[in-house]
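Heads up, the thing below is written out as structure tokens.
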Amino acid sequence: MASPDLVPCRPWQGRRVLLGVTGGVAAYKAVQVARNLTRLEAQVDVVLTRGAQEFVAPLSFEGVTGRPALTELFSTDGAAMHVRLGRNVDAVCVAPATADFLARAAQGRADDLLGTTLLATQAPVVVCPAMNDNMFAHPQVQANLNMLKARPGYQIAGPTAGPLAAGEGEGPGRMLEPHQIVEFIGRALGEEKVFSGLHILVTAGPTREAIDPVRYLGNRSSGRMGFAVARAAWRRGAQVTLITGPSALEYPVGVNSIEVESAEEMYRAVSEIIGAADVSIFAAAVADFRPSISEAEKLKRESTGEEVAFQIEANPDIAIETSSSRKPGSVTVGFALETSDLLANAKKKLDEKEFDFIVANDAMGEGSGFDVETNRVAILSPGSDPEMLPLMSKDAVAEEILDRVGRRLSSEL
Ligand code: CTP
């Protein structure tokens with residue numbers, strides 16, 4: 001499955017992250033975490049425990065971060081290193097976090113560089129447990145974990161079920177994948193008061209309208225834009241529901257993702273949720289039409305002949321049909337994908353669909369449209385001049401949209 005590309009972007013770019021690595025076999029994956037964070041242009045300092053160095057060498061981390069990896073509590077250049085490290089970071093992540101680490105962190109032990117730094121820091125801490133499934137299920141491990149969970153600023157990320165070390169089981173104990181850990185660090189860095197705990201609904205992807213059990217009418221859409229908005233909203237601290245048509249993309253971590261197929265199914269799913277949503281963002285490329293009759297059996301060429309005529313009918317306009325159910329005071333964002341008269345067509349949709357903002361993009365423009373990582377958009381809102389944004393990654397466009405939603409929410413407080 002495709003994972004998001006690593007273009008430098010908020011909230012990682014220019015931020016300082018301390019990655020603590022403890023002694024488990026999943027330590028090799030921590031190298032990828034350090035590399036991903038560095039590619040996102042975070043400044044990454046790595047602290048390895050003695051156990052971690054049995055699995056992976058400090059040099060591997062130096063190679064991917066371009067910074068010295070740290071191992072010693074007592075050293076001449078490390079004098080009060082724990083205090084400096086703790087003070088100078090924006091977020092801490094411990095991956096993998098072994099059972100021994102959880103026990104020591106729960107007790108507040110301070111006999112190595114990682115333990116002391118954790119006590120010295122006020123930055124948020126993401127803990128990514130990884131161990132054998134029986135060990136993870138042990139009541140003492142769970143008690144230690146619960147203690148850390150209750151600590152302000154601490155977030156426990158994972159583990160998941162899945163193949164463990166060779167010869168072991170498949171129960172919960174497997175560390176999250178590096179790109180998922182990076183998202184958790186993103187939430188630790190990106191949480192904003194105005195989004196914290198808000199419910200954000202995002203529609204994404206295409207819809208498929210069945211002609212018969214194997215064929216469909218549909219719109220071209222990868223889902224990238226909507227998925228980027230959902231990820232960015234979660235990083236800002238929102239509770240996110242993503243209602244998506246079929247997409248090859250991996251579901252974003254932390255987001256409640258609901259897959260639907262047809263416009264009708266998307267309409268029903270949105271209707272159920274929109275009344276509770278503080279923000280609704282309609283990024284789906286909904287198929288406007290569907291065959292009036294969906295055949296129960298696959299259509300055969302010998303029975304249709306060379307020319308086939310379909311009767312098609314309009315699908316519900318989800319944004320319009322659900323507008324009366326929107327939560328009072330909520331903010332709504334639509335998209336307009338156009339092939340001509342971009343601003344005029346977008347303005348018309350902004351008014352007709354009663355959006356607070358509409359994000360307009362030209363399907364034919366270079367770097368925007370289908371199956372590309374970038375987009376060039378204009379953002380319109382009632383009573384303001386259109387804002388033309390430069391070509392940027394879809395992740396950056398998502399941030400621009402949420403900046404405006406955040407400002408609108410703050411002005412309504
Ligand atoms: N939309 C929707 N339900 C539909 C069609 C569109 O909710 N059945 C939403 C889209 O998610 C988007 C906005 O309405 O936020 C505009 O979608 P777009 O496909 O650009 O416009 P249409 O209204 O379908 O108009 P047209 O196809 O004629 O350009």
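Both counts, for ligands and for their atoms, begin at 1 and track the order of listing.
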Here the atoms of ligand 1 under 4.0 Å from any heavy atom belonging to Lys353 are 1 (N), 6 (C), 9 (C), 13 (C), 14 (O), 16 (C), 22 (P), 23 (O)

When only distance counts, is Lys349 in polar contact with ligand 1, meaning an N/O pair under 3.5 Å? yes

Distance under 6.0 Å and angle within 45° of the ring axis: does Arg404 meet both against Phe357? no

Between side-chain atoms of residues 252-263 and protein atoms elsewhere (two or more places apart, or another chain), which donor-acceptor pairs fall under 3.5 Å?
unit_1: Glu259; atom_1: OE1; unit_2: Tyr251; atom_2: OH; d: 2.7
unit_1: Ser262; atom_1: OG; unit_2: Glu265; atom_2: N; d: 3.2

Among all the protein's non-hydrogen atoms, which is closest to atom 15 (O) of ligand 1, and how far away is it? Phe282 O, 2.7 Å

How long is the span from the CD atom in Glu352 to the NZ atom in Lys347, to the nearest 0.5 Å? 10.5 Å

For ligand 1, which is the ligand I care about here, please tell me if Phe355 has any N or O atom under 3.5 Å from one of the ligand's N or O atoms. no

What about Phe195 and Trp234, are their ring centers closer than 6.0 Å? no

Would you mind finding which of Asp288, Asp317, Ile281, Val286 brings a heavy atom closest to atom 27 (O) of ligand 1? Asp288

Check: of Ile318, Thr203, Thr207, min heavy-atom distance to atom 3 (N) of ligand 1 comes from Ile318

Do any nitrogen or oxygen atoms of Ala287 lie less than 3.5 angstrom from nitrogen or oxygen atoms of ligand 1? no

Atom 7 (O) of ligand 1 [closest protein heavy-atom partner, distance rounded to 0.1 Å]: Ala319 N, 3.0 Å

For the pair Arg215 (side chain) and Leu299 (backbone), establish whether a donor and an acceptor sit closer than 3.5 Å, ignoring hydrogens and angles. yes

When you compare ligand 1 with Ala285, is there at least one nitrogen or oxygen pair between them that comes in under 3.5 angstrom? no

Can you measure from CD (Glu41) to CZ (Arg10) and round to the nearest 0.5 angstrom? 14.0 Å

4.0 Å protein heavy-atom contact status of atom 18 (P) of ligand 1, strictly under: yes

Does the Asn315 side chain pair with the main chain of Ala287, one donor and one acceptor, at a distance under 3.5 Å? yes

Please report which non-hydrogen protein atom sits nearest to atom 12 (C) of ligand 1, along with the residue it belongs to and the distance in Å to one decimal place. Phe335 O, 3.1 Å

At a 4.0 Å threshold, what atoms of ligand 1 neighbour a non-hydrogen atom of Ala284? 10 (C), 11 (O)

Looking only at distances, please establish whether an N/O atom of ligand 1 is found under 3.5 Å from an N/O atom of Ala283. no

No-hydrogen, no-angle side-chain donor-acceptor test under 3.5 Å, Asn36 and Gln32: yes

Strictly distance-based, threshold 3.5 Å: is any side-chain N or O of Arg15 a donor or acceptor partner for the main-chain N or O of Gly186? no

I'd like the name of whichever of Gly334, Ala263, Ala336, Pro316 reaches closest to atom 8 (N) of ligand 1 through any heavy atom. Pro316

